[in-house]
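Everything numeric in this text was worked out from a predicted model, so none of it was measured. Whatever order the structure lists them in is the order used to number ligands and atoms, beginning at 1.
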Amino acid sequence: MCDKGSMAQYTRVSGFVGLITLQNPPVNALSAAVRQGIVDMVERALSDPIVKSVVICGQNGNFCGGADIKEFGTNMSGPPLVPMIDAIEAANKPVVAAIEGSALGGGLELALGCHYRIAHSKARLGLPEVTLGLLPAAGGTQRLSRLIGVPAALNLITTGIHVTAAQALQLGIVDQVTDHNAVEVAVTFSLSVAGQSMDARRISTYPCPLPSDFDALFEGVMQKVRQSARGAIAPVACVQAVRAAATLPYTKGMEREQELMATLFTSGQARAQQYCFFAQRAVGRWRMPSGARWETSKPMPVHKAAVIGLGTMGRGITVALAQTGLSVVAVETQEKQLMEAKQAVSGMLERGAKRHGVAPMLDRISYSQNIQAVAEVDLVIEAVFEDMALKTEVFQQLSAVCKPGTLLCTNTSALDVDKLASEMPNPELVVGMHFFAPAHVMKLLEVVYGPRSSPQAVATAMQLGKKMGKVSVAVGNCRGFVGNRMLMPYLQQAFFLLEEGATPELVDRALEEFGFPMGVFRMSDLSGLDIGWRVRKRDELVEPDMASGQSARIRQGSRYSPLGDLLCEQGRFGQKTGQGWYRYDKPGSRVARSDPWLHSFLVEYRARHGLVPRSIDHQEVLERCLYALINEGFRILEDGIAAGPEDIDVIYVFGYGWPRHRGGPMFYASMVGLAKILERLEHYQQAHPDVPYLQPSSLLRRLVASDSPPIHRWREVIKKYQSQL
Ligand SMILES: CCCCCCCCCCCCC[C@H](O)CC(=O)SCCNC(=O)CCNC(=O)[C@H](O)C(C)(C)COP(=O)(O)OP(=O)(O)OC[C@H]1O[C@@H](n2cnc3c(N)ncnc32)[C@H](O)[C@@H]1OP(=O)(O)O
């Protein structure tokens, strides 16, 4: 017997079991139609006298990915989740959740409303609402705390982590884990408990186990959460909701859960985080200005890869490749460096494997000092020193050694990928892969294509990035690509603010309060001030600091601050030398301390250049640094270097510490209001006419003139703008 009409299919199986199958591909999200289907089918199963028990499962081996996030921005209709789950829990026949694939968010909340949960061993469970700026508001905070206790519930709910079936069993979230068909096991099990009272299985009736150190626990967790949330409100609300579970009766706790959810639901932060969720997925659907795109470009198979150059980046890339299960040839011509790298790579693999409880992939890697060793690989990632002549030489060797068709990738953060490609016999096989340090940890990968890169080469690099667990974004070739190009105006404004009266502490505090993990100066100290210095020297911007006054701070026709160069001349390269914008207890130590020397140096510098310090507030810091960065983002869109604002936002959230709850720079601009951004840029440009980065981009002007459409409609304006160029 079967009813296929709705988005929850009803079948009677094994004679007496009502099987309800959610069917809303790809993740069986609980849309209004699915909720209606569940309500109807549960009612049907419970009112059918032949049915003794009920099993709820999801179509295609996937239980349920939670509430339908796409519905959140709309006028929500259909039966609400809470009464639907309450009705399941109140049922007088056993209801068993058969969990395959994922049970996340509302999906797990639905399962917690069931009387039993049976999971397949490969299933994953979690309450990831916090990552969407929300909390589990279909009883999740109240039921999970009662089921597994406050500390474990706090951990799951405030972090949003997914746990394996085995971990869920250990925590007590599921009752049984099986390697067999979970639906069949659940059907058999449901019959074994048919006729029994379900009173003891209703989690909402459980008392919440209270830890002895209750107050200290909540205080500690709240402090930790506030610190790591960097201004995000959802993690704090999650703690408050769990506290309600621990202190209030169930119905009151539910009221508190709803109240907290209402605040989050309507907040800009939830919108920003949900935007990030979809943006992260949208960047996989890449397109190039030539019209080539993800659906029509087939990646080449990659079984064996090589890494050339085993410095910090090369080591991280080797680890990341080996962890995907690929065979890796790691080449380093210097013997000492090769030995050190081998030890470091093995250490990283062993530590990673230990964390995940698996065997380290040490035998996946073969090391060599000879570039000939890469003859048979499908793809090479060159990670030698950031120097065009050196990279060109290595690429020429590679094209002589590699088998035909090998994809040649350069790991560069700024060099001209197209220029490199133009020196090769097969420029279509050359792409940039800009990894972020540490390469085996950081999630972001910029895949850089030039006008000559073939769509297949881009597709291959994008697919490899995905396999490596990276969020890969395809971007065009320009100085600094997307991320570092936008960083230039940001850094420049920060330097100018110091000249005008700010301190590194003030600028960093403003940016950290905004939500960055580190302000620009602490970050520069961490990365090393000498990196930018080297680039500025190459660009012939660095001059001996002989002169004073305004003319000494003009380079190549624009305002220039030599502050960073002056620090480097003193050997202050940041953390590694123990001194930079801050001082450190010793070279390599991480705690940044305010440096009186630096403050005196700034006073003296301003005096020497006739700069009268003024008081600068946080608002100005944010506007100058962030709006200049955003303005460059608009230029990047104008130039077609990024296909859309989502690409830029994903790069900033995953690679540059932009707070996720602010959605990325372009989303943030849309929230602030494009007209306001334009007005402030015009204001600062008038005050600083010698700073080209503050000149508002034509696209920003065009968007404002088009009544500032919502961000999902920017692409239309960009297309029109580009077609008129
Ligand atoms: C005054 C106002 C008062 C307001 C009161 C408000 C009351 C509202 C009450 C609501 C109660 C809600 C309670 C509930 O607690 C909330 C939730 O459940 S939120 C959702 C939680 N779930 C998740 O976060 C899971 C998200 N999904 C994933 O993590 C992954 O997709 C996956 C399930 C692990 C599968 O991963 P993959 O196989 O890699 O597939 P993709 O990720 O690429 O996804 C494929 C495709 O599906 C889309 N999708 C995935 N999940 C959802 C979803 N939950 N809703 C909608 N769409 C989803 C995803 O976007 C992909 O599509 P694409 O974007 O590529 O088109």
Under the side chain to side chain donor-acceptor pair (under 3.5 Å) rule, collect the residues that match up with Arg364, sequence neighbours excluded.
->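 In terms of side chain to side chain donor-acceptor pair (under 3.5 Å), with neighbours along the sequence ignored, Arg364 is linked to no residue.
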
Qualifying residues under side chain to side chain donor-acceptor pair (under 3.5 Å), relative to Glu716, sequence neighbours excluded =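 Applying side chain to side chain donor-acceptor pair (under 3.5 Å) to Glu716 gives Arg713.
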
Only one of Leu112, Val96, Ile56 clears side chain to side chain contact (heavy atoms under 4.5 Å, CB included) with Arg117; which?
->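 With Arg117 as partner, Leu112, Val96, Ile56 yield a single side chain to side chain contact (heavy atoms under 4.5 Å, CB included), made by Leu112.
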
Give me the pairs of N or O atoms, one from ligand 1 and one from the protein, that sit under 3.5 Å apart.
from	atom 1	to	atom 2	distance (Å)
ligand 1	15 (O)	Glu109	OE1	2.6
ligand 1	15 (O)	Glu129	OE2	2.5
ligand 1	15 (O)	Ala137	N	3.3
ligand 1	18 (O)	Ala67	N	2.9
ligand 1	18 (O)	Gly106	N	2.8
ligand 1	22 (N)	Gly65	O	2.9
ligand 1	42 (O)	Arg281	NE	2.7
ligand 1	42 (O)	Arg281	NH2	3.2
ligand 1	54 (N)	Gly65	O	3.2
ligand 1	54 (N)	Ala67	O	2.8
ligand 1	55 (N)	Ala67	O	3.4
ligand 1	55 (N)	Ile69	N	2.9
ligand 1	65 (O)	Arg285	NH1	2.9

Thr460 side chain to Gln463 side chain, donor-acceptor N/O pair below 3.5 angstrom |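 Side-chain D/A pair, Thr460 to Gln463: absent.
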
Quiz: residues 34-42 side-chain donor-acceptor pairs under 3.5 angstrom, not counting sequence neighbours:
from	atom 1	to	atom 2	distance (Å)
Arg35	NE	Pro79	O	2.5
Arg35	NH1	Leu30	O	2.9
Arg35	NH1	Glu71	OE1	3.1
Arg35	NH2	Ser77	O	2.6
Gln36	NE2	Asp40	OD1	3.1

Salt-bridged, Glu295 to Arg285, with N to O below 4.0 Å?
->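 So Glu295 does not pair with Arg285 through a salt bridge.
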
